[in-house]
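When a residue number appears, it is its place in the shown sequence, counting from 1.
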Amino acid sequence: MQNEKVWILSDRNSKTLTHILIRNYFLQDLQTDIRIYDKLNTKSELENFDFFMDDQIVYFSFEDSLMAEYTIKKCKELGIKYLDVYQVVYKFLGSIFSKISSGGDISKIVRDSLESNPVAFALNNDDGSNPKSIVESDIVILGISRTSKTPLSIYMSNIGYRVTNIPLVPEIEIPKELFMIDPSKIFALVMDPKRLVEVRKQRIHSLGIPHDSDYADIERINKELAYCNLVVERLNCISIDMTHMSIEEASDIIKNSIDKRKG
């Protein structure tokens with residue numbers, strides 16, 4: 001997630017959520033490309049808003065459900081990654097208040113809820129930061145750089161799955177924990193190499209990486225994809241081509257696979 005282009009949309013009553021996002025997540029991960037639009041208070045203002053079509057993810061928080069529905073519709077039409085922060089927080093707090101009303105220690109309820117929250121789990125186990133979480137996961141997403149591992153992980157955590165994502169690098173051995181779980185839980189993301197060249201060139205430009213880096217070199221990308229295919233064979237897991245696929249479509253493939261496994 002680090003340094004991804006992020007747009008944060010909110011109304012005047014949801015600005016607090018915006019500040020929480022920036023202070024507690026984006027800044028600590030050295031986020032450098034954040035655009036905040038926190039004065040979208042009516043649906044008509046939102047309809048006049050210019051949704052940018054590029055490698056970005058839109059986080060939005062609107063009290064008005066019609067504004068949220070419009071944002072989701074617009075993002076889907078343009079193929080933009082998104083997350084409804086308001087609904088995530090609303091569901092999370094609703095769950096906590098329901099447990100508190102049933103009795104028990106409030107501090108323990110909040111602590112346990114935070115530890116078991118799927119979105120928090122995904123963020124804490126992003127980009128291979130904690131391989132031990134693999135055995136606790138409902139889903140493990142693998143992939144080389146810029147194949148949409150993080151956005152897909154966050155999207156699936158928002159619908160209740162505990163997700164870990166692991167980067168694949170030819171020079172680094174995959175975590176041993178991957179061999180300890182059911183391979184039907186593992187999904188590897190791939191992409192057409194020419195498309196990856198384009199995506200990584202945009203990444204190089206946004207991060208200021210030296211242009212002589214092999215990050216967007218077609219030979220390097222083919223090497224990484226070959227390594228990914230080898231990992232898929234070793235783990236006997238499912239591969240998903242993200243070249244022309246939205247996050248929602250990839251999510252449906254994974255959910256259908258899980259449902260089929262459960263019978």
Side-chain angles (χ1 to χ4, degrees), residues 1-4 6 24-31 57 81 83 88 92 111-191 196 199-200 203 207 209 214-215 220-242 247 250-251 253-255 257-258 261-262:
M1 190 74 153
Q2 185 173 340
N3 287 316
E4 182 145 14
V6 170
N24 294 313
Y25 182 56
F26 295 135
L27 289 186
Q28 74 178 30
D29 271 11
L30 304 179
Q31 193 72 43
I57 183 166
K81 296 168 282 190
L83 181 67
V88 172
F92 178 59
R111 184 174 62 254
D112 291 346
S113 296
L114 284 170
E115 291 176 353
S116 62
N117 180 260
V119 176
F121 185 90
L123 294 176
N124 290 332
N125 299 297
D126 180 45
D127 208 30
S129 57
N130 180 24
K132 292 183 179 179
S133 69
I134 290 173
V135 296
E136 304 171 13
S137 303
D138 301 314
I139 298 166
V140 179
I141 296 175
L142 313 177
I144 66 175
S145 178
R146 309 313 294 163
T147 50
S148 298
K149 297 186 301 298
T150 295
L152 181 57
S153 296
I154 293 176
Y155 184 88
M156 298 218 66
S157 70
N158 190 39
I159 55 178
Y161 295 98
R162 292 162 64 87
V163 187
T164 293
N165 80 71
I166 304 292
L168 295 180
V169 182
E171 293 78 15
I172 300 176
E173 179 59 33
I174 57 176
K176 63 181 183 300
E177 288 84 0
L178 287 171
F179 297 96
M180 301 177 183
I181 64 172
D182 187 337
S184 64
K185 293 183 177 182
I186 306 173
F187 300 85
L189 308 184
V190 297
M191 189 177 288
L196 263 177
V199 172
R200 290 191 178 184
R203 187 70 161 174
L207 297 181
I209 298 173
D214 67 352
Y215 182 66
R220 171 65 190 184
I221 288 173
N222 281 328
K223 178 180 179 180
E224 293 181 26
L225 287 170
Y227 176 68
C228 180
N229 291 333
L230 179 62
V231 169
V232 169
E233 291 180 7
R234 289 176 63 189
L235 296 174
N236 192 30
C237 64
I238 296 172
S239 177
I240 301 175
D241 188 342
M242 298 296 294
I247 298 299
S251 172
I253 289 175
I254 294 175
K255 286 190 293 183
S257 176
I258 292 173
R261 182 183 77 224
K262 292 180 177 179

Roughly how far, to the nearest 0.5 Å, is the [atom2] atom of [Y] from the [atom1] atom of [X]?
{"X": "I139", "Y": "S251", "atom1": "CD1", "atom2": "OG", "result": "7.5 Å"}
{"X": "M156", "Y": "R162", "atom1": "CE", "atom2": "CZ", "result": "14.5 Å"}
{"X": "L152", "Y": "S157", "atom1": "CG", "atom2": "OG", "result": "9.5 Å"}
{"X": "N125", "Y": "L123", "atom1": "CG", "atom2": "CG", "result": "9.5 Å"}
{"X": "I221", "Y": "M191", "atom1": "CD1", "atom2": "CE", "result": "10.0 Å"}
{"X": "D126", "Y": "I166", "atom1": "CG", "atom2": "CD1", "result": "9.5 Å"}

- request: Begin from the C-alpha positions of Y155 and L83 and carry the test side-chain contact (heavy atoms from CB on, under 4.5 Å) through to its verdict.
  value: CA-CA 7 Å; Y155 184 88; L83 181 67; 5.9 Å; no

Test applied, side chain to side chain contact (heavy atoms under 4.5 Å, CB included); reference residue, F187; option that passes from L142, I238, V140: I238

query: Looking at V190, I240, V199, L189, which hits side chain to side chain contact (heavy atoms under 4.5 Å, CB included) with T147?
result: L189

query: Can I174 and L168 be said to form a side-chain contact (heavy atoms from CB on, under 4.5 Å), step by step?
result: CA-CA 7 Å; I174 57 176; L168 295 180; 3.7 Å; yes

query: For E224 and R146, what are the C-alpha separation, side-chain angles and deciding distance, and is it a salt bridge (Lys or Arg N to Asp or Glu O under 4.0 Å)?
result: CA-CA 12 Å; E224 293 181 26; R146 309 313 294 163; over 6 Å; no

task: Measure across G128 and P167 and return the closest heavy-atom pair with its distance rounded to 0.1 Å.
output: N-CD, 3.6 Å

- prompt: Between R220 and P170, which heavy-atom pair has the shortest distance, and what is it?
  reply: NH2-CD, 3.6 Å

Should [X] and [Y] count as side-chain neighbours, where that means a heavy-atom distance under 4.5 Å?
{"X": "Y227", "Y": "V169", "result": "no"}
{"X": "K149", "Y": "M242", "result": "no"}
{"X": "I258", "Y": "R261", "result": "yes"}
{"X": "R234", "Y": "P183", "result": "no"}

task: Taking only Lys NZ, Arg NE, NH1 and NH2, and the carboxylate oxygens of Asp or Glu, determine whether E177 and K185 approach each other closer than 4.0 Å.
output: no

- prompt: Where do L178 and V231 land on the side-chain contact (heavy atoms from CB on, under 4.5 Å) test, with the steps shown first?
  reply: CA-CA 10 Å; L178 287 171; V231 169; 5.6 Å; no

message: I'd like to know if the side chain of S184 reaches the main chain of S257, judged simply by a donor and an acceptor atom lying under 3.5 Å from each other, with no hydrogens or angles considered.
response: no

- line: The side-chain contact (heavy atoms from CB on, under 4.5 Å) partners of S153 (sequence neighbours excluded) come to I141, V163, N165

